[in-house]
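Read the structure below first, then the notes.
Keep in mind the model is a prediction, meaning the values are calculated, not measured.
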Amino acid sequence: MTVTELDQLNLAFAERFNARDLEGLMALNTDDVVFVPAPGTPVTGAEAVRGALEQFLGLQLPIEMTVRHTFRSGDTGLAIADWSITGTGPDGSEVALSGTTADVAVFDEAHGWRYVVDNPFGTA
């Protein structure tokens with residue numbers, strides 16, 4: 001399922017995250033995506049991105065996402081959204097993660113909107 005509107009990209013991420021759909025999450029990325037799973041720590045390449053996403057999914061908690069703004073110039077966009085993951089993790093520890101994304105996306109007819117830079121801690 002492709003994302004046809006930029007303001008739906010972060011919501012599609014949340015939907016797939018909450019469904020624990022790793023392949024669906026990966027499909028939201030371009031082949032050369034840069035993912036920043038921790039502030040200042042970018043990863044690239046499918047295996048590194050997959051591993052970082054698996055760590056987030058390993059928390060076994062839902063993500064909440066609220067889109068703040070999207071900005072678009074042609075087939076390039078910036079999506080800004082607030083997110084949080086809170087609750088008790090599988091090891092019994094309390095989890096309280098949150099951030100404001102600053103995500104760069106591109107659009108093409110074959111794939112819809114996809115992340116080029118997925119920066120969940122965008123303001124850090």
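- Taking the side chain as every heavy atom from C-beta outward, Arg114 and Asp108 approach each other to under 4.5 Å.
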_The test is side chain to side chain contact (heavy atoms under 4.5 Å, CB included); show your working for Leu61 and Thr86 and say whether it passes._
CA-CA 7 Å; Leu61 294 169; Thr86 58; over 6 Å; no
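- Ring-plane geometry between Phe35 and Phe56 is classed as perpendicular, the angle between the planes exceeding 60 degrees on a 0 to 90 degree scale with a lower cut at 30.
- The line from OG1 of Thr4 to CD of Glu109 is 10.0 Å long, rounded to the nearest 0.5 Å.
- Arg50 has a carboxylate O that lies under 4.0 Å from a charged side-chain N of Glu23, or vice versa, which qualifies the two as a salt bridge.
- Note that CG of Asn29 and CG of Asp32 are 10.0 Å apart. Values are rounded to the nearest 0.5 Å.
- Met65 and Ile85 fall within the same hydrophobic cluster, defined by Ile, Leu, Val, Met, Phe, Trp and Tyr side-chain heavy atoms under 4.5 Å apart, directly or through other members.
- The heavy-atom pair separating Thr44 from Ala48 by the smallest distance is O-CB, 3.3 Å.
- For the pair Arg16/Met1, a side-chain contact is recorded, criterion being any heavy-atom separation below 4.5 Å from C-beta on.
- Ser93 and Asp91 get closest at one heavy-atom pair: OG-OD1, 2.6 Å.
- Contact of the Val43 side chain with the Val34 side chain is not registered, since no non-hydrogen atoms from C-beta on lie closer than 4.5 Å.
- Nearest approach of Val33 to Tyr115, heavy atoms of both residues: CG2-O, 3.5 Å.
- Side-chain contact between Leu53 and Phe17 is absent, with no heavy atoms from C-beta onward closer than 4.5 Å.
- Atoms CG and OG1, on Asn10 and Thr101 in that order, are 4.5 Å from each other to the nearest 0.5 Å.
- Atom CD of Gln8 is separated from atom CH2 of Trp113 by 12.5 Å, given to the nearest 0.5 angstrom.
- Side chains of Leu9 and Val3 form a contact here, defined as non-hydrogen atoms less than 4.5 Å apart.
- No side-chain heavy atom of Phe13 sits under 4.5 Å from any side-chain heavy atom of Trp83.
- Nearest heavy-atom pair, Ala79 versus Leu6, reported as atom, atom and distance to 0.1 Å: CB-CD1, 4.4 Å.
- Looking at heavy atoms from C-beta onward, Leu59 lies in side-chain contact with Leu97 at the 4.5 angstrom threshold.
- By the criterion of side-chain heavy atoms lying less than 4.5 angstrom apart, applied directly or through intervening Ile, Leu, Val, Met, Phe, Trp or Tyr residues, Leu57 is grouped together with Val49 in one hydrophobic cluster.
- Between Arg20 and Gln60, the shortest heavy-atom distance links the atoms NH2-C, 2.9 Å.
- Side-chain atoms of Val117 and Asp103, non-hydrogen and from C-beta on, never get closer than 4.5 Å to each other.
- Rounded to the nearest 0.5 angstrom, Thr100 OG1 and His69 NE2 are separated by 10.0 Å.
- Taken together through direct or relayed side-chain contacts under 4.5 Å among Ile, Leu, Val, Met, Phe, Trp and Tyr, Phe107 and Val67 form part of one hydrophobic cluster.
- The two residues Thr70 and Asp7 make their nearest non-hydrogen contact at CG2-CA, 3.7 Å.
- No single ILVMFWY cluster, assembled from side-chain heavy atoms under 4.5 Å apart, contains both Leu78 and Phe121.
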